[in-house]
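Scroll down for the structure; my scribbles are underneath it.
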Amino acid sequence: QVRLVESGGGAVQAGGSLRLSCAASGRSFSSETMGWFRQAPGKAREFVASIRWNYGHIYYSDSVKGRFTISGDNAKSTVYLQMNSLKPEDTAVYYCKAHVWDYGLGYAMDYWGKGTLVTVSS
């Protein structure tokens with residue numbers, strides 16, 4: 001079992017910045033990809049950004065490209081999301097997701113955090 005814990009959410013005015021953190025913990029796993037999704041009220045959960053450790057590939061949704069930066073430390077199974085130039089439409093619960101190889105189970109699994117709320121006021 002892998003546990004993801006997010007932190008760093010909060011309220012900010014438009015144009016401001018926030019930094020989210022997500023740490024994965026557990027036994028016998030290898031993190032392959034970590035990333036962020038978000039869900040605004042009344043909307044479906046959507047992809048924000050991800051990083052694939054082995055290849056160093058980084059992906060962003062078009063809506064955050066140029067404003068958000070994902071980074072992390074594979075050895076610590078930690079990922080960050082630096083969010084700049086925030087807009088009211090960025091308001092959402094932000095979820096961390098990890099695609100890991102679970103050695104205990106013997107196959108890959110997706111794990112999700114419980115989410116952290118980001119509120120951007122105009």
Can you confirm whether I70 sits close enough to W36 that some side-chain heavy atom of one is under 4.5 Å from a side-chain heavy atom of the other? yes

Original post:
With no hydrogens and no angle check, do the side chains of D73 and T78 hold a donor and an acceptor under 3.5 Å apart?
Top reply: no

Exercise. Hey, is the main chain of R52 close enough, under 3.5 Å, to the side chain of E32 for a donor-acceptor pair?
Worked result: no

Taken to the nearest 0.5 Å, the spacing of R27 CZ from D102 CG works out to 11.0 Å

M34 vs C22 side-chain heavy atoms within contact, under 4.5 Å:
yes

message: Between Q13 (side chain only) and S121 (backbone N and O only), is there a donor and an acceptor less than 3.5 Å apart?
response: no

| Going through the checks in order, is the side chain to side chain contact (heavy atoms under 4.5 Å, CB included) test met by L18 and L86? | CA-CA 8 Å; L18 283 174; L86 282 161; 4.2 Å; yes

(message) Do V48 and Y59 sit in one hydrophobic cluster, given that two such residues count as connected whenever their side-chain heavy atoms are within less than 4.5 Å of each other, even indirectly?
(response) no

Angle class for the F68/Y94 ring planes (parallel below 30°, perpendicular above 60°, tilted otherwise)? tilted

Go through the steps for Y95 and F37 under the test ring-ring contact (aromatic ring centres under 6.0 Å, His included), then give the verdict.
-> CA-CA 5 Å; Y95 296 91; F37 287 70; 8.9 Å; no

Q. Taking the side chain as C-beta and beyond, is there a heavy-atom pair between C96 and V79 under 4.5 Å?
A. yes

Indicate if I58 and Y55 have the same hydrophobic cluster label, given that clusters are the connected sets of ILVMFWY residues with side-chain heavy-atom separations under 4.5 angstrom.
no

Distance col, row Y60:OH vs I51:CD1, nearest 0.5 angstrom, shows 7.5 Å

K65 and D62: salt bridge (Lys or Arg N to Asp or Glu O under 4.0 Å), yes or no, with the steps? CA-CA 5 Å; K65 200 173 293 182; D62 288 342; 3.3 Å; yes

Side-chain donor-acceptor contact under 3.5 Å, S31 with W53: yes

Margin query: If we ignore hydrogens and angles and just use 3.5 Å, is the side chain of N74 paired with the main-chain N or O of S77 as donor and acceptor?
Written below: no

Show the numbers, then the answer: is there a side chain to side chain contact (heavy atoms under 4.5 Å, CB included) between S61 and E46?
-> CA-CA 9 Å; S61 69; E46 64 174 5; 5.9 Å; no

Output for pair (S63 OG, D90 CG), nearest 0.5 Å, gives 7.0 Å

Evaluate the side-chain proximity of S30 to Y103: yes if any heavy-atom separation is below 4.5 Å, no if none is. yes

Side chain to side chain contact (heavy atoms under 4.5 Å, CB included) evaluation trace for M83 with L20: CA-CA 8 Å; M83 305 185 294; L20 305 183; 3.7 Å; yes

- Query: Under 3.5 Å, side chain of T69 to main-chain N/O of Q82, donor-acceptor pair present?
  - Reply: no

Between R38 and the options T116, L81, V64, the side-chain contact (heavy atoms from CB on, under 4.5 Å) test singles out V64

(Q) Under 6.0 Å from the ring centre and within 45 degrees of the ring axis: does the NZ or CZ of R3 meet both conditions for the six-membered ring of Y111? (A) no

Are any side-chain N or O atoms of R67 and backbone N or O atoms of S85, one a donor and one an acceptor, separated by less than 3.5 Å? yes

Distance col, row L4:CG vs D110:CG, nearest 0.5 angstrom, shows 10.0 Å

message = Between K97 and F47, is the side chain to side chain contact (heavy atoms under 4.5 Å, CB included) condition met? List the steps.
response = CA-CA 10 Å; K97 178 186 174 184; F47 168 79; over 6 Å; no

